[in-house]
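Have a look at the structure below, then the notes.
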Amino acid sequence: MSSLLPTPSQTVGPYLSIGLPWPDGPHVVPEGTPGAFWIRGTVRDGNGDLVPDAMIETWQADPEGGFRHPDDPRGAADGEFRGFGRCPTEADGTYGILTVLPGVVPGEGGATQARHIDVSVFARGLLNRVVTRIYFEDQDNTADPVLATVPQERRGTLIAAKTEDGYRFDVRLQGDGETVFFRV
């Protein structure tokens with residue numbers, strides 16, 4: 001008896017990490033920008049194995065809390081801050097994004113959101129991206145309305161740990177210690 005194999009529409013190959021990156025994609029700001037730091041981490045699958053062909057995309061506010069977007073008049077007007085980063089994982093499952101600390105942004109009903117970076121993860125086996133957030137362990141996250149919706153015991157999967165040259169944020173796609181992902 002023969003078994004059926006998945007069709008290309010049933011599985012996502014390493015195509016995203018091959019076709020979408022560009023040389024300065026990991027640089028939300030140029031090297032040497034005052035206050036710039038690296039967010040580094042790994043992407044792991046449900047078995048805990050490193051994913052060598054994932055892609056991380058980030059979107060964030062500038063240090064004053066504005067987005068570089070035509071619909072946000074508060075956003076940075078110069079070309080130094082892009083607000084967007086894209087980085088494929090390396091063969092060892094690691095990635096790195098050079099950025100600056102985002103500002104506090106408005107939330108619903110006059111509340112403010114803690115400093116955070118929105119993250120999309122694309123990887124083999126995912127038909128759609130998964131979306132999460134990076135919060136920073138050395139910042140005040142207590143009043144963030146989005147983080148408050150996450151059960152206390154799972155919030156740690158959204159908190160980046162301070163390192164020598166920035167922060168570490170690991171992504172676990174499934175299983176023990178799975179990163180919290182949001183429905184968008």
Side-chain angles (χ1 to χ4, degrees), residues 16-17 20-21 24-31 33 35-63 65 67 81-105 113-126 128-184:
L16 297 169
S17 66
L20 294 178
D24 66 343
H27 295 85
V28 175
V29 294
E31 295 271 357
T33 299
F37 59 84
W38 284 97
I39 296 177
R40 300 181 198 275
T42 59
V43 178
R44 293 183 182 272
D45 65 16
N47 294 323
D49 296 331
L50 295 164
V51 180
D53 53 4
M55 189 170 60
I56 301 290
E57 284 187 351
T58 63
W59 176 245
Q60 70 176 80
D62 64 24
F67 288 91
F81 174 82
R82 268 203 314 247
F84 177 77
R86 180 182 287 161
C87 182
T89 55
E90 300 292 332
D92 63 357
T94 61
Y95 73 91
I97 299 282
L98 182 69
T99 192
V100 292
L101 194 64
V104 173
V105 297
Q113 296 181 37
R115 298 171 191 273
H116 69 277
I117 297 176
D118 295 316
V119 179
S120 291
V121 182
F122 302 85
R124 58 183 148 85
L126 298 177
N128 295 303
R129 69 185 173 138
V130 290
V131 177
T132 190
R133 282 185 166 194
I134 297 173
Y135 292 93
F136 304 92
E137 74 173 359
D138 58 348
Q139 298 295 311
D140 181 9
N141 300 309
T142 56
D144 186 85
V146 175
L147 191 57
T149 67
V150 176
Q152 184 71 36
E153 65 275 7
R154 304 242 4 250
R155 290 182 190 169
T157 69
L158 301 176
I159 309 294
K162 189 80 173 114
T163 64
E164 187 176 298
D165 67 346
Y167 294 87
R168 180 170 183 94
F169 184 76
D170 294 323
V171 176
R172 179 73 182 254
L173 295 172
Q174 295 178 330
D176 292 337
E178 177 181 344
T179 301
V180 170
F181 298 110
F182 297 97
R183 190 176 305 145
V184 292

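Positions are given from 1, in the same order as the sequence printed here.
With sequence neighbours left out, D140 forms a salt bridge (charged side-chain N to carboxylate O under 4.0 Å, His left out) with no residue at all. Not a single salt bridge (charged side-chain N to carboxylate O under 4.0 Å, His left out) links R154 to another residue, sequence neighbours left out. Applying the ring pair (Phe, Tyr, Trp, His ring centres under 6.0 Å) test to F181 and every residue at least two apart in sequence or in another chain returns nothing. Looking at residues two or more places apart in sequence or on another chain, you find a salt bridge (charged side-chain N to carboxylate O under 4.0 Å, His left out) between R40 and D165. With sequence neighbours left out, the ring pair (Phe, Tyr, Trp, His ring centres under 6.0 Å) criterion links Y167 to F37, F136. Contacts of T157 classified as side-chain hydrogen bond (donor to acceptor under 3.5 Å, both in side chains), with partners at least two apart in sequence or in another chain: none.
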So W59 and E57, side chain to side chain contact (heavy atoms under 4.5 Å, CB included) or not? Walk me through it.
CA-CA 7 Å; W59 176 245; E57 284 187 351; over 6 Å; no
Audit row: V104, R115, side chain to side chain contact (heavy atoms under 4.5 Å, CB included) steps and yes/no:
CA-CA 5 Å; V104 173; R115 298 171 191 273; 4.1 Å; yes
As a quick check of understanding, evaluate side chain to side chain contact (heavy atoms under 4.5 Å, CB included) for V121 and I56, giving each step before the final call.
CA-CA 5 Å; V121 182; I56 301 290; 3.8 Å; yes
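D53 and R124 get closest at one heavy-atom pair: OD1-NE, 3.0 Å. The minimum heavy-atom distance between V29 and A36, with the atom names listed, is CG2-CB, 3.9 Å. In plain terms, the two heavy atoms of D45 and V51 that are nearest each other are N-CG2, 3.7 Å. Residues A123 and A54 share a closest heavy-atom pair of CB-CB, 3.9 Å. Here the closest heavy-atom approach between residue T132 and residue V180 is recorded as OG1-O, 2.6 Å. The two residues S120 and R129 make their nearest non-hydrogen contact at OG-NH1, 2.7 Å.
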Name the atoms and distances for all side-chain donor-acceptor pairs under 3.5 Å in residues 146-153, with sequence neighbours left out.
residue	atom	partner	partner atom	Å
T149	OG1	V146	O	2.6
Q152	OE1	R155	NH1	2.9

Expected list for residues 93-102: side-chain donor-acceptor pairs under 3.5 angstrom, two or more places apart:
residue	atom	partner	partner atom	Å
T94	OG1	D92	OD1	2.6
Y95	OH	F169	O	2.6
T99	OG1	Q60	OE1	2.5
T99	OG1	Q60	NE2	3.2

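If you take OG1 on T163 and CD1 on I39, they are separated by 9.5 Å, rounding to the nearest 0.5 Å. Note that OG1 of T89 and CE of M55 are 10.0 Å apart. Values are rounded to the nearest 0.5 Å. Expressed to the nearest 0.5 Å, how far CG of N141 lies from CG of L158 amounts to 9.5 Å.
When ring centroids are compared, W38 and H27 come within the 6.0 Å threshold.
Side-chain contact between L173 and V43 is present, with at least one heavy-atom pair separated by less than 4.5 Å.
Listed by first and then second residue, the salt bridge (Lys or Arg N to Asp or Glu O under 4.0 Å) pairs that reach into residues 170-179 are R168-D170, sequence neighbours excluded.
Under the 3.5 Å distance criterion, the side-chain polar atoms of E137 are left unmatched by any main-chain donor or acceptor of I159.
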